[in-house]
Amino acid sequence: MKKIILFIFCLAANSISIAQCDTAKKPIVFIHGFLASGDTYALQVQRFIEYGYCPDRLFIFDWNSVSGNGKKNDSLLENFIDSVLNLTGATQIDLVGHSAGGGLGRGYMIDSINAAKVEHYVHLGSRKWTYEYSWFKNSNCLNIYSKGDKVMNSMSGDVTGALNLDLKDKDHYEVATCEETFEAMYRHFNTDEKKKIASTEVNRIRKISGKAVYLGDNTPMKGAVINVYSLSMKKGTRSQAKPIASFSVDENGNWGSFTAIKNSHYEFELKPFSPEERTVSYFFEPFNKGNELLYLRGFPQGNMVGMMLGKLPAKKEQSAIVVFSANKAMIGGRDSLTVNGIAISSETLTPANRTIISTFIFDDGDGITSGKLLKQYANAPFIGGVDISLPVKNKKGNVIYYNGRKLVLPAISSEDRILLAVFQ
């Protein structure tokens, strides 16, 4: 049997006592979608903890969504769920699948033996089904979709016999991350609770931890180093030359734990083990709560994702920036996104039907800002790109506004590292 890695949340790291959480609640296994990772569920995991779930009952199945090897993923999911049951002593789990992860979740229950290990299933922003297993009734399924989801379009919709929820105006990613989805999932998993659900403050300490993996295949970045710097937000520059914390990434991708200070900004520098791979610096908004699903993704080389991204620039005189929206797409006409005053969200650059989560910003080689779509990202799912000149001689730093929220990134050579702004 293949070794299965369980990504489990530590009680101590969340400052939660046994009395504050309900050990009788069933474990939940979350499955992310195509090109995604476990941080799809970062907000939902925080919410489940705040509403009484023990962190060690919440599990993330990170899988290689770009391999095309469905049988291998099916087998890994089976082994993963068996490991969860063995670890927790539970006889059943509750299962959640988003997008392509929904297909994986439904596929798991084709086998009646597997289905017997699931009490409730939640299908998020995924293809609707028109059948019912005699051994797993649709009435045990919660099907959440949105007419505003331009990825699924007519492929999603009500399932006969299931509990259906149309979120109406949510985009494809929001179907997995929004509060309305959490409330529906919580009710579905806890049908015996008649009272109004209420949260409990459990994140007094802002413990930050997570994984370092390669984009798409979620392979652990074993041996990589993560350096954490506090920032002066006037220009996004480091407050001191030495990092305030350093971590080595283990064989499972885990990198340790960091305590964040309220209202402070941080840079997480991800240095891969191989010097041939690109260093990426992540810049975050201040952490208001703890987050044990902070994923840092490296850019792979030589596989499908590497080819899709194209060759990222490495220029001494120019910066290269990626803007990542962690919980919703960046949609032209709905969302406002600018870099140094130049709009990079519009119906042309970030149309609703492409559901852009990440957009790459750099000069196309002529040193002139056109503000046009970078051709190598014209057809990539969930990924966009805009031609903007970002000279390192810019002493003000690179100012990013996203729906009124602000991050400032330093003017650093893309030869040195790629800069990645995260809006949580």
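Bear in mind the structure is a predicted one, so any value in this text is a computation, not a measurement.
- Of all heavy-atom pairs spanning Ser345 and Asp335, the tightest one is OG-O, 3.2 Å.
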Inset, instruction - Could you check Asp364 against Lys372 for salt bridge (charged side-chain N to carboxylate O under 4.0 Å, His left out), going step by step and ending with a plain yes or no? - result: CA-CA 10 Å; Asp364 64 2; Lys372 294 182 179 180; over 6 Å; no

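- Leu35 and Pro381 get closest at one heavy-atom pair: CD1-O, 3.7 Å.
- With Gln318 contributing its side chain and Leu390 its backbone, the two residues share a donor-acceptor pair below 3.5 Å.
- Contact check on Arg238 versus Glu269 returns a salt bridge, with a Lys/Arg side-chain nitrogen under 4.0 Å from an Asp/Glu carboxylate oxygen.
- Note that CZ of Arg417 and OG of Ser319 are 9.0 Å apart. Values are rounded to the nearest 0.5 Å.
- For the residue pair Ser37 / Asp39, no side-chain donor-acceptor distance below 3.5 Å is found, with atom types taken as modelled.
- Judged by distance alone, with hydrogens and angles left aside, the side-chain atoms of Thr181 form no donor-acceptor pair with the main-chain N or O of Thr177 at under 3.5 Å.
- The salt bridge (charged side-chain N to carboxylate O under 4.0 Å, His left out) test applied to Glu285 returns Arg405, not counting sequence neighbours.
- Using a 4.0 Å cut-off between charged side-chain N and carboxylate O, Arg57 and Asp22 make no salt bridge.
- Between the Asp387 side chain and the Gly371 main chain, no donor and acceptor come within less than 3.5 Å of each other.
- Here the side chain of Asp250 pairs a donor or acceptor atom with the backbone of Asn252 at under 3.5 angstrom.
- Distance CZ/Arg354 to OG1/Thr348: 11.0 Å, rounded to 0.5 Å.
- A donor-acceptor distance shorter than 3.5 angstrom exists from the side chain of Arg278 to the backbone of Ser414, with no hydrogens or angles considered.
- Looking only at side-chain heavy atoms (C-beta outward), Val323 and Ile400 come within less than 4.5 Å of each other.
- In summary, the side chains of Trp129 and Asn143 do not present any donor paired with an acceptor at a separation below 3.5 Å, with no hydrogens or angles considered.
- The shortest non-hydrogen separation linking Leu270 to Ala224 is CD1-CB, 4.1 Å.
- Considering CD of Glu78 and CG of Asn73, their distance stands at 11.5 Å, rounded to 0.5 Å.
- For the atom pair CD (Glu292) and CD (Gln46), the distance works out to 9.5 Å, reported to the nearest 0.5 Å.
- Minimum interatomic distance between Ile208 and Lys289 (heavy atoms only, all atoms of both residues): CD1-O, 3.9 Å.
- At least one side-chain heavy atom of Phe61 sits less than 4.5 Å from a side-chain heavy atom of Leu104.
- Between Asp171 and Lys328, some side-chain heavy-atom pair lies under the 4.5 Å cut-off.
- Shown here for Cys141 and Arg106, the closest heavy-atom pair between the two residues is SG-NH1, 3.6 Å.
- Between Val122 and Asp94 the shortest side-chain heavy-atom distance does not fall below 4.5 Å.
- At least one side-chain heavy atom of Leu294 sits under 4.5 Å from a side-chain heavy atom of Phe287.
- Between atom CD1 of residue Ile60 and atom CZ of residue Phe30 there is a gap of 6.0 Å, rounded to the nearest 0.5 Å.
- Ring centers of Tyr377 and Phe360: under 6.0 Å apart, within the cut-off.
- Although no hydrogens or angles enter the test, the distance criterion places no donor-acceptor pair under 3.5 Å between the side chain of Thr355 and the main chain of Ala329.
- Residues Tyr186 and Tyr53 have side chains in contact (heavy-atom distance under 4.5 Å, counting atoms from C-beta outward).
- Looking at Asn190 and Lys25, their side chains do bring a donor and an acceptor atom within 3.5 Å of each other.
- Checked against side chain to side chain contact (heavy atoms under 4.5 Å, CB included), Lys150 has the following partners two or more places apart in sequence or in another chain: Asn153, Ala352, Asn353.
- Side chain to side chain, Tyr173 and Thr40 meet the donor-acceptor criterion of an N or O pair below 3.5 Å.
- Asn114 has its side chain out of reach of Met109: every pair of non-hydrogen atoms, C-beta onward, lies at least 4.5 Å apart.
- Listed by chain and number, the residues in a ring-ring contact (aromatic ring centres under 6.0 Å, His included) with Phe423 are Tyr402 (sequence neighbours excluded).
- Formation of a donor-acceptor pair under 3.5 Å by the Asn164 side chain with backbone atoms of Ala162 is found in this model.
- Aromatic ring centroids of Phe258 and Tyr266 lie under 6.0 Å apart.
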Inset, instruction - Please step through side-chain contact (heavy atoms from CB on, under 4.5 Å) for the pair Leu420 and Val422, ending with a clear verdict. - result: CA-CA 6 Å; Leu420 203 151; Val422 181; 3.6 Å; yes

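- Relative orientation of the Phe189 and His120 rings is tilted, given thresholds of 30° and 60° on the angle between their planes.
- Taking all atoms of both residues into account, the shortest heavy-atom contact from Ala184 to Ile144 is CB-CD1, 4.0 Å.
- Remark: Ser126 OG to Tyr145 OH distance equals 14.0 Å, nearest 0.5 Å.
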Inset, instruction - Decide yes or no on side-chain contact (heavy atoms from CB on, under 4.5 Å) for Ile81 and Leu95, but give the supporting numbers first. - result: CA-CA 9 Å; Ile81 290 175; Leu95 185 62; 4.3 Å; yes

Legend entry - side-chain contact (heavy atoms from CB on, under 4.5 Å) between Leu349 and Thr359, worked out: CA-CA 9 Å; Leu349 300 173; Thr359 187; over 6 Å; no

Inset, instruction - For the pair Leu337 and Thr350, evaluate side-chain contact (heavy atoms from CB on, under 4.5 Å) and give the outcome as yes or no after the intermediate values. - result: CA-CA 10 Å; Leu337 177 62; Thr350 56; 5.8 Å; no

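- Within a 6.0 Å radius of NZ in Lys117, other residues, nucleotides and ligands contribute more than 12 heavy atoms.
- In this model, a donor atom of one side chain and an acceptor atom of the other lie less than 3.5 Å apart for Lys207 and Thr259.
- By the 4.5 Å heavy-atom criterion applied to side chains, Asp62 and Lys211 are counted as neighbours.
- Salt-bridge check for Arg334 with Asp169: failed, with every basic side-chain N at 4.0 Å or more from each acidic carboxylate O.
- Side chain of His172 to backbone of Ser146: no donor-acceptor contact under 3.5 angstrom is found.
- Shown here is Phe324, whose CZ atom has more than 12 heavy atoms of other residues, nucleotides or ligands within 6.0 Å.
- Ring planes of His32 and Trp63: parallel class, angle under 30° (limits at 30 and 60°).
- Heavy-atom contacts from other residues, nucleotides or ligands closer than 6.0 Å to NZ of Lys235 number 12 or fewer.
- Of the possible donor and acceptor atoms, none in the side chain of Asn291 sits under 3.5 Å from a partner among the backbone N and O of Ala42.
- Between the Asn288 side chain and the Arg206 main chain, no donor and acceptor come within less than 3.5 Å of each other.
- Around atom CD of Glu317, more than 12 heavy atoms belonging to other residues, nucleotides or ligands sit under 6.0 Å away.
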